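Accompanying notes for the structure given below.
As the structure is a computational prediction, the values presented were derived from the model and not from experiment. Each chain gets a letter, A, B and so on, in the order the sequences are listed, and its residues count up from 1.
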Number of protein chains: 4
Amino acid sequence: MNLSETKRELILDAALVLFVDRGFDGTTVPMISEKAGVGAGTIYRYFENKEALVNTLFQECVGELIETINDGYPRTSDDLREQFGHIANQVIRYAKKNLNALLFLDSHTNGHYLDEASREAYMRLRTFLCEFIERGQKNKVIRPLPADALIALMDGAFIALNKCIKAGEIEETPELLAGVKEACWDAIRIH
Amino acid sequence: MNLSETKRELILDAALVLFVDRGFDGTTVPMISEKAGVGAGTIYRYFENKEALVNTLFQECVGELIETINDGYPRTSDDLREQFGHIANQVIRYAKKNLNALLFLDSHTNGHYLDEASREAYMRLRTFLCEFIERGQKNKVIRPLPADALIALMDGAFIALNKCIKAGEIEETPELLAGVKEACWDAIRIH
Amino acid sequence: MNLSETKRELILDAALVLFVDRGFDGTTVPMISEKAGVGAGTIYRYFENKEALVNTLFQECVGELIETINDGYPRTSDDLREQFGHIANQVIRYAKKNLNALLFLDSHTNGHYLDEASREAYMRLRTFLCEFIERGQKNKVIRPLPADALIALMDGAFIALNKCIKAGEIEETPELLAGVKEACWDAIRIH
Amino acid sequence: MNLSETKRELILDAALVLFVDRGFDGTTVPMISEKAGVGAGTIYRYFENKEALVNTLFQECVGELIETINDGYPRTSDDLREQFGHIANQVIRYAKKNLNALLFLDSHTNGHYLDEASREAYMRLRTFLCEFIERGQKNKVIRPLPADALIALMDGAFIALNKCIKAGEIEETPELLAGVKEACWDAIRIH
DNA sequence: TATGAATGAGCTTTCATTCAT
DNA sequence: GATGAATGAAAGCTCATTCAT
């Protein structure tokens, strides 16, 4: 890893935290440069402008999340419960590694500054999850509700859980994670 | 109907839509004044500044939601299922009347521009829901998970559902609403 | 005196006080209307705009001061000491009646908002005083210094004296006034 | 010479001239930036806001005037005439170097925008002059009039004299300066 | 006649972006 | 490559002025 790769990372990391805390429009370039410990002008050596920065960040976060979920995904299995478990485990793993990335994705999916590539990247993630939902619905395992609603339901639970963990309000234990996973599964499956 | 009351409403309505679409920092005062069909200066006759506007909006939305939920709430009942049903029905009713208000609340609860009064108003809503959750947990009816996570789970489902309805992707039917309600209940209750 | 004459006076009186305290540019029309106890729009029934108001005020103040000084002025006398005494007495009388008017004149003579008529009115006052000075210089009674400097010298003394009296720092007594008059006279005369 | 020091000076110099000509409230930031030959935003790199600019300017001008007067002041002398002569000479020297600074101080001492530090700085100057006056009054050399009035008297003379010189109406000669000094002295001393 | 709600031009200020160093 | 001083477009906001009542 060379030095400027490091600088690029510093900028992305600083931006991520600030975007989560204050949103894209509430974050100024000087804020990012200060938190990153680089000059304001340096940001423009790595990103064309502020919008390019947020889009790069978004696409990298989505890409990494998709990769994480895909990693070891039991594609051939027809046990939806098992597939669900894998997805949940990997999302938890992703959050553990970079919680802010998950929060960033959650809160920036509708940003007016997202470009086509970002929207497409996000679509790939969404499509993946929708396909899972629809397969389950075809198999009469998952409720016949809008996929968006079911995804949001799971999403909301994981995000909130992780916020609690981040805020130190609750302790992360295997039982807790298992409980949330079960709650989500109970929410979307047919009883 | 008082005319200036109307103008105040025009501003609040325009701001609500824009805040939902673009966030507080991404919305400019000229945008609001144009959408409201009033002069930019007029906004400052009704609100001290942009922050006061967003806080007024937030507090009014929270207040109305709390009022809606409280309206006819079966307080004395010890049937948690019935109480849950009431809350869900009233949130759905609120969303039907003013979906943007619900989306606005959902996306602005952590804004760096919210003042003490707004945070307190939101706390009242949250406390109400937490008490419901905790009562259920004491009675071994609701899962022993962090209340925040369970609330977010329900929240996420309703918000996403309503977004789908708004976008015209799905049709709002009694069956659909019943399904989401059941999904939420299944997510939080002990099986 | 009819009612609207009264309103016009209320506006001029309020403006006078505010212009003295905060200057022309530091005084807003709403400030004037509030202090005058009239609606903001009413001001525009009596004065074309804010500049017309300050110019009217200026011209009326200058006019009244000139009138006061001229009243009983020993024009034919060749006793400069007596003429000086008369001028000083009348300025004191004017200040006693309307101190703010004197302070207003003193602090607004170079305003960028003064129109031709105001400048001319002020010129008449200045010319009058200059002629007095020059007559005294011709008679070798008054020092051969620039008239402006001598006038400013007297001016400064009277203004400051009156500010002290206004602020309640000192008491206005015949001895005090006599003292200031004498000091001024000693400043400008040849010893 | 430090370049940014230069830019700061450019801004202060431009502001000084405009404040003298049009007052604080009559001077806009774009006016200052244009006269200074810098961008409007640049002003805010050196001064927190317009008020901070005028206060910095005020305090620097007062400080320099106090320093000038103190420079070589015959503190131990009990010859009041000599001390007066020194003060007068130094004020003349100060005015010669930067007439606008003197005019600025004269016209901005009561500004509603002055902060505590500015008022204190001005108080130091005023206290110094008052002490001189009071010493003279104790020694029965200076008239028993309010110090403010006597100071204003001298002030007015010097300011007006310098305005005349600036306007080119009169020529600055040793005789002229000596005359004004003598006039002032005659005004405040007991005969 | 008197009003004050409404306006928009223009103010103060911020901040994404550039560029000389 | 890296910087941060400098910029000016555009933000938030004020206020002289108008006009329907």
Side-chain angles (χ1 to χ4, degrees), chain A residues 2-4 7-8 11 25-34 36-53, chain B residues 2-4 6-8 10-11 25-34 36-53, chain C residues 2-4 7 11 24-34 36-53, chain D residues 2-4 6-8 10-11 25-34 36-53:
Chain A
N2 64 30
L3 207 77
S4 55
K7 268 208 164 119
R8 189 176 175 281
I11 293 165
D25 291 301
T27 301
T28 69
V29 173
M31 281 178 192
I32 298 170
S33 77
E34 198 202 359
V38 304
T42 305
I43 289 174
Y44 290 85
R45 299 202 66 76
Y46 294 96
F47 306 97
E48 203 187 325
N49 53 36
K50 198 184 161 195
E51 292 214 349
L53 168 55
Chain B
N2 185 320
L3 207 78
S4 60
T6 292
K7 214 138 228 171
R8 189 175 174 280
L10 285 173
I11 294 165
D25 290 303
T27 301
T28 69
V29 172
M31 282 176 190
I32 298 170
S33 76
E34 199 201 359
V38 304
T42 304
I43 289 174
Y44 292 88
R45 288 197 64 72
Y46 293 96
F47 306 96
E48 204 185 322
N49 51 38
K50 199 184 158 195
E51 291 212 352
L53 168 56
Chain C
N2 63 31
L3 208 78
S4 55
K7 258 191 175 134
I11 294 165
F24 174 73
D25 290 301
T27 301
T28 68
V29 172
M31 281 178 192
I32 298 170
S33 77
E34 199 202 359
V38 304
T42 305
I43 290 174
Y44 290 84
R45 298 201 67 76
Y46 294 96
F47 306 96
E48 203 186 326
N49 52 36
K50 197 184 163 195
E51 292 213 351
L53 167 55
Chain D
N2 185 321
L3 207 77
S4 60
T6 293
K7 215 139 226 172
R8 188 175 175 281
L10 285 173
I11 294 165
D25 291 302
T27 301
T28 69
V29 172
M31 281 177 192
I32 298 170
S33 76
E34 198 201 359
V38 303
T42 304
I43 289 174
Y44 291 86
R45 288 197 63 74
Y46 294 96
F47 305 96
E48 203 185 324
N49 52 36
K50 200 185 158 195
E51 290 213 353
L53 167 55

Quiz item: Pairs in or reaching into residues 36-45 of chain A: which pass side chain to side chain donor-acceptor pair (under 3.5 Å), with residues at least two apart or in two chains?
Solution: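 Non-adjacent pairs meeting side chain to side chain donor-acceptor pair (under 3.5 Å): zero.
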Quiz item: Can you name the side chain to side chain contact (heavy atoms under 4.5 Å, CB included) partners of Glu34(D), sequence neighbours left out?
Solution: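 With neighbours one apart ignored, the set is empty.
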Self-check item: Partners passing side chain to side chain contact (heavy atoms under 4.5 Å, CB included) against Ala36(A) (at least two apart in sequence or in another chain)
Solution: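 Side chain to side chain contact (heavy atoms under 4.5 Å, CB included) check on Ala36(A) returns Leu10(A), Ile11(A), Ala14(A), Val38(A).
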Tell me the interatomic distance from [X], atom [atom1], to [N], atom [atom2], rounded to whole angstroms.
| X | N | atom1 | atom2 | value |
| --- | --- | --- | --- | --- |
| Arg45(B) | dT3(E) | CZ | C1' | 12 Å |
| Glu34(B) | dG12(F) | CD | C1' | 17 Å |
| Phe47(D) | dT14(E) | CZ | P | 15 Å |
| Ile32(D) | dG10(E) | CD1 | P | 18 Å |
| Leu10(B) | dT7(E) | CG | P | 10 Å |
| Arg8(A) | dG1(F) | CZ | C1' | 16 Å |
| Ile11(D) | dA6(F) | CD1 | C1' | 10 Å |

Got a list of side-chain donor-acceptor pairs under 3.5 Å for residues 25-32 of chain D, not counting sequence neighbours?
unit_1	atom_1	unit_2	atom_2	d
Asp25(D)	OD2	His112(D)	NE2	2.8
Thr27(D)	OG1	Leu18(D)	O	3.3
Thr27(D)	OG1	Gly23(D)	O	2.7
Thr28(D)	OG1	Met31(D)	N	3.2

Self-check item: Most 5' of Met31(D) and Val38(C) on DNA chain E, judged by nearest nucleotide
Solution: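 Looking at DNA chain E, the more 5' nearest nucleotide goes with Val38(C).
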Quiz item: Of Ile43(B) and Thr28(D), whose nearest nucleotide on DNA chain E comes first from the 5' end?
Solution: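 The residue mapped nearer the 5' terminus is Ile43(B).
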Quiz item: Checking Lys50(C) against Phe24(C): charged group under 6.0 Å from the ring centre and within 45 degrees of the axis?
Solution: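 Judged by the rule, Lys50(C) and Phe24(C) form a cation-pi pair.
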Exercise. Find the distance between CG (Leu53(A)) and CZ (Arg8(A)) and round it off to the nearest 0.5 Å.
Key: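 One finds 9.0 Å between CG of Leu53(A) and CZ of Arg8(A).
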Quiz item: Which dot-bracket string fits DNA chain E when only Watson-Crick or G-U wobble pairs with both atom distances under 3.5 Å count, crossing pairs get [ ], and | stands for a partner on a different strand?
Solution: .||||||||||||||||||||
Quiz item: Looking only at side-chain N and O atoms, does Tyr46(C) come under 4.0 Å of OP1 or OP2 in dT1(E)?
Solution: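 So the side chain of Tyr46(C) is outside the cut-off, no N or O lying under 4.0 Å from OP1 or OP2 of dT1(E).
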Quiz item: So what does Thr27(C) hit on the nucleic acid, given a heavy-atom distance under 4.0 Å: a base, only sugar-phosphate, or nothing?
Solution: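 Since only primed, P, OP1 and OP2 atoms lie under 4.0 Å of Thr27(C), the category is sugar-phosphate.
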Practice problem: Provide the closest heavy-atom pair for Ala40(D) versus Ser33(D) in the form atom of the first, atom of the second, distance. | Solution: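 Taking every non-hydrogen atom into account, CA-CB, 3.6 Å.
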Can you pull every protein N or O that's under 3.5 Å from an N or O on nucleotides 17-21 of chain E?
unit_1	atom_1	unit_2	atom_2	d
dT17(E)	OP2	Tyr44(A)	OH	3.0
dT17(E)	OP2	Lys50(A)	N	3.0

